[in-house]
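Both counts, for ligands and for their atoms, begin at 1 and track the order of listing.
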Amino acid sequence: MSSDALSGPPGRWRAFTRAISPRIVECELTHLARTPIDLAIAGVQHAEYVRALVALGCSVQEVEPAPDYPDSVFIEDVAVVFDEIAVITRPGAESRRGETAAVERVLAPLRPLAHITAPGTLDGGDVFVVGKRVFAGRTGRTNDEGIAQLRAALAGHGYTVEAVAVTGCLHLKSAVTTVDDQTVLVNPQWIDQATLSGLDVIEVDPTEPMGANIVRVGAALLYGASYPRTRARLEALGYSPVCVDASELAKAEGAVTCCSLLLRA
Ligand code: CIR
């Protein structure tokens, strides 16, 4: 699930994660130059991330690994899970399309399923949710047809889907994620804030452009340790994010939300 779909009364959360592929060094890269990724360090950081999810109250289940898919650790991109329905995506990067099958198998017993189909493309990293408002980024990975299919899948469940133009980063959730039911953390360089009408906005520190990505588990927040200035802004406003070092997977253009699929249990 998009971690940001977590609003409403407190409950128990389930998180799906996926092991890092040994081929992650062949990952897709769009805005970053390729730099060496240390698999051992990435593994240690990923384990710390999973422990943090558990500490925040998630029941964590690892989905069958997909070693032949370099980006498969970034499980967020292959489904968007709501309380009422799970949408299996059709990732924008062709190299990632085979990642969906195993995730579909674990979600099938939990939610009715909808599917994004060709020519639609949609990455879960392009979707965040505030109550019944769904925001979908129009990016290199998510096209208008994908957004239209998402809208159709959700219409019967009372959600509206608002398309958001994104420039300069990979996914909408690189530019904005929610910290509570009314507030978003934003890098204003990458989206037009007018699209976030009605929401309160916290801007990242300008020296930390990647700092707008934060995982929300109910009222708790899980954040990357690389953004101390933005963290200080959050803390000054009364938020207390738990921080983990996610720097090695950041070299694969992944951030904290990408590594889990969260849903209300
Ligand atoms: C990709 O380009 O697809 C991966 N290297 C990174 C995906 C990160 N996912 C996300 O932000 N939701």
Are the charged groups of Glu84 and Lys132 less than 4.0 angstrom apart, N to O?
yes
I need the single residue from Asp123, Asn213, Thr139 that forms a side chain to side chain donor-acceptor pair (under 3.5 Å) with His171. Which is it?
Asp123
Ion pair Arg216/Asp181, N-O distance below 4.0 Å:
yes
Can we say Arg18 and Glu62 salt-bridge, meaning some charged N sits less than 4.0 Å from an Asp/Glu carboxylate O?
no
Just by distance, do the side chain of Arg96 and the backbone of Phe74 share a donor-acceptor pair under 3.5 Å?
yes
Applying a heavy-atom distance cut-off of 4.0 Å, which protein residues contact ligand 1?
Glu28, Asp71, Phe74, Glu76, Asp77, Arg96, Gly125, Arg141, Leu170, His171, Ala252, Glu253, Gly254, Cys258
Only pairs at least two apart or in different chains count here, so list each ring-ring contact (aromatic ring centres under 6.0 Å, His included) that has a residue in residues 35-71.
none
